[in-house]
Amino acid sequence: MTAVDGLDLRARLARRHADLLVQGGTVLMPSGPERIDVTCVAGRIVALGDLRGTWSADTVLDATGLHVLPGVIDSQVHFREPGLTHKENLEAGTRGAVLGGVTGIFEMPNTSPLTLTPADLQAKLDSASGRAWCDYAFYIGGSAVNAERLAELENLPGCAGVKVFMGSSFGDLLADDTEVLRRILRHGRRRMAVHTEDEARLRERKALVEASGDVRQHHVWRDVESALMATQRIVRLAAETGRRLHVLHVSSAEEIAFLAGHKRRVTVEVTPHHLSMHAPECYERLGSLAQMNPPVREQRHQNALWQGIRDGVVDVIGSDHAPHTLVEKSKPYPQSPSGMTGVQTLLPLMLGHVNAGRLSLQCLVDLTSAGPARIFGIEGKGRIALGYDADFSIVDLRARRTIRKDWIASVSGWTPYEGLSVTGWPIHTIVRGHVAVRDEALAQASPQGQPLAFLDVNLRSP
Ligand code: DOR
């Protein structure tokens with residue numbers, strides 16, 4: 001499909017000839033599942049309903065027996081470009097995304113160099129142009145060096161907003177000082193994303209694991225108190241400065257209980273790994289491959305995250321795709337870096353949870369499409385509706401597959417879910433009407449991803 005001018009578009013609509021017709025599937029509409037067809041022209045949905053015999057199309061995709069979900073948006077990935085491309089890059093990262101049914105991503109700023117300036121952001125946009133298989137936006141890192149410029153930076157095209165690390169994880173991005181955090185929060189209006197672990201407490205307690213070298217202690221070192229202290233501090237500062245907040249990868253029962261009391265201003269992300277793994281089993285089985293920040297904790301925390309989903313405390317599921325090479329991961333703990341791949345396995349794992357009865361398909365759509373679109377104000381995304389972008393994750397809820405590392409597109413080439421069988425699998429992935437993946441394989445010669453656009457940029461201060 002090429003760009004069409006207004007005249008051509010009107011002619012096509014009048015002739016009822018679409019670029020793409022998805023027919024026969026069960027479509028997850030905002031009002032619930034419906035057996036309807038969907039057509040799109042110039043990347044947008046133009047008709048919904050029983051369209052057989054009334055619409056023709058350049059491409060017809062038969063979705064009989066499949067579920068058509070609004071495209072999955074993964075609002076936390078680390079694609080490592082520039083500077084760390086031996087771990088991941090934008091092409092491979094977004095290829096993994098579409099193979100896993102993801103149609104849009106927000107990429108994190110702890111690259112090398114860090115994403116702190118307009119030039120850093122532009123360099124990422126330039127690298128993504130023509131190489132990204134799905135739509136994308138990039139976070140700007142919030143730190144002492146750019147705090148006063150963040151109101152301007154967060155409004156740049158292609159910017160997902162500001163991300164702050166309150167505790168050191170990977171890379172040099174850190175803002176743990178209360179005065180610096182206040183300065184960051186005061187300069188900008190958009191929802192600010194934050195990694196909440198308390199740096200001072202992490203430093204104090206590191207000797208514990210340096211002495212033992214035992215990865216099973218990862219969640220003991222980076223304990224619940226470290227996470228809760230930082231979460232409470234930033235929520236208080238956000239209230240004081242009138243800022244909306246997004247707490248990334250919430251990992252503990254205590255934080256869910258606390259955040260439940262702050263939902264008017266604060267949104268919550270959980271990850272598939274915190275929902276699917278628990279300590280100590282994951283560390284015993286996977287060693288440092290299960291090492292993430294914040295850590296995977298005991299079963300009671302996983303149970304609380306699921307309860308948080310049922311209670312509506314959780315707004316989105318993001319993968320925190322954070323690849324490191326197997327050589328790096330096999331360094332002795334705690335020199336082994338924290339992080340695992342996840343963008344490609346997000347949807348398969350979550351469909352597995354749907355099939356196991358842990359959440360409904362409608363709830364999954366809310367957490368992976370409608371939720372990110374709502375809380376970040378992503379233009380034209382997050383629902384299957386007339387005029388919205390034609391982004392679809394078309395899945396077979398009955399397909400049983402075993403996750404294998406040779407399926408993983410990431411440069412790092414591994415997954416902690418190697419050998420796991422799941423029921424429910426992405427079959428076709430559509431990005432603005434382009435069939436990126438058809439029958440589980442890349443269907444295009446060239447990537448078609450574009451920058452995401454946001455509704456609440458350039459909001460004026462009151
Ligand atoms: O485990 C993690 N790894 N958590 C983060 O927040 C950062 C990430 C990385 O970039 O490797």
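Since this is a predicted model, take the numbers as computed values, not measurements. As the structure lists them, so they are numbered: ligands from 1, and atoms in each ligand from 1.
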Discussion item. Assess whether a salt bridge exists between Asp214 and Arg216, defined as any Lys/Arg side-chain N lying under 4.0 Å from an Asp/Glu carboxylate O.
Written reply: yes
Worksheet item: Atom CH2 in Trp133, atom CG in Leu99: separation rounded to 0.5 Å?
Response: 9.0 Å
Response to the item:
of all protein heavy atoms, closest to atom 8 (C) of ligand 1 is Ala322 CB, 3.6 Å
Worksheet entry | Contact atoms of ligand 1, heavy-atom distance to His249 under 4.0 Å | 6 (O)
Fill in: Atoms of ligand 1 close to Met292 [distance to a heavy atom under 4.0 angstrom, numbered from 1]
1 (O)
Worksheet item: For ligand 1, which atoms, with element, lie under 4.0 Å from some heavy atom of Asp320?
Response: 4 (N)
Worksheet entry | Residue from Lys124, Glu81, His78 passing side chain to side chain donor-acceptor pair (under 3.5 Å) with Thr111 | Lys124
Practice prompt. Mark up the atoms of ligand 1 that fall under 4.0 Å of a heavy atom belonging to Phe170, in ascending order.
Written response: 9 (C), 10 (O), 11 (O)
Discussion item. Quick test: of every protein heavy atom, which one is nearest to atom 3 (N) of ligand 1, and how far off is it to 0.1 Å?
Written reply: Ser338 O, 3.0 Å
Discussion item. For Arg222, is there an ion pair with Glu199 - N to carboxylate O distance below 4.0 angstrom?
Written reply: no
Worksheet entry | Per-atom contacts, ligand 1 versus Phe165 - under 4.0 Å to a heavy atom | 6 (O)
Fill in: Derivation of the ring-ring contact (aromatic ring centres under 6.0 Å, His included) call for Tyr333 and His218
CA-CA 9 Å; Tyr333 179 80; His218 191 57; 5.6 Å; yes
Worksheet item: Has His324 got any heavy atom lying under 4.0 angstrom from an atom of ligand 1?
Response: yes
Worksheet, complete the sentence: Rounded to the nearest 0.5 Å, the CG atom of Leu351 sits from the CG atom of Leu359 at a distance of 9.0 Å
Item to complete: With heavy atoms of His78 as the reference, note each atom of ligand 1 found under 4.0 Å away.
Response: 7 (C), 8 (C), 10 (O)
Practice prompt. Supply the atom-to-atom distance Phe138 CZ to Thr115 OG1, rounded to the nearest 0.5 angstrom.
Written response: 8.5 Å
Practice prompt. Compare Met108, Arg80, Lys87 and give the one whose heavy atom is closest to atom 11 (O) of ligand 1.
Written response: Arg80
Worksheet entry | Per-atom contacts, ligand 1 versus Gly339 - under 4.0 Å to a heavy atom | 1 (O), 3 (N)
Item to complete: Tell me which protein heavy atom sits closest to atom 4 (N) of ligand 1, plus the residue, atom name and distance to 0.1 Å.
Response: Asn293 O, 2.8 Å
Item to complete: Could you tell me the residue and atom name of the protein heavy atom closest to atom 5 (C) of ligand 1, and the distance to it rounded to 0.1 Å?
Response: Ser169 OG, 3.1 Å
Worksheet item: Would His195 and His249 satisfy ring-ring contact (aromatic ring centres under 6.0 Å, His included), going step by step from the backbone distance to the final call?
Response: CA-CA 7 Å; His195 176 128; His249 41 42; 4.5 Å; yes
Practice prompt. Tell me, please, whether Tyr388 has Arg44 positioned over its six-membered ring: NZ or CZ under 6.0 Å from the ring centre and within 45 degrees of its axis?
Written response: no
Fill in: Structural part of His195 in contact with ligand 1, heavy atom criterion under 4.0 angstrom
side chain
Worksheet item: Under 30°, 30 to 60°, or over 60°: which ring-plane class applies to His324 and Phe170, parallel, tilted or perpendicular?
Response: perpendicular
Practice prompt. For Asn110, counting its heavy atoms only, list the atoms of ligand 1 lying under 4.0 Å from any of them.
Written response: 9 (C), 10 (O)
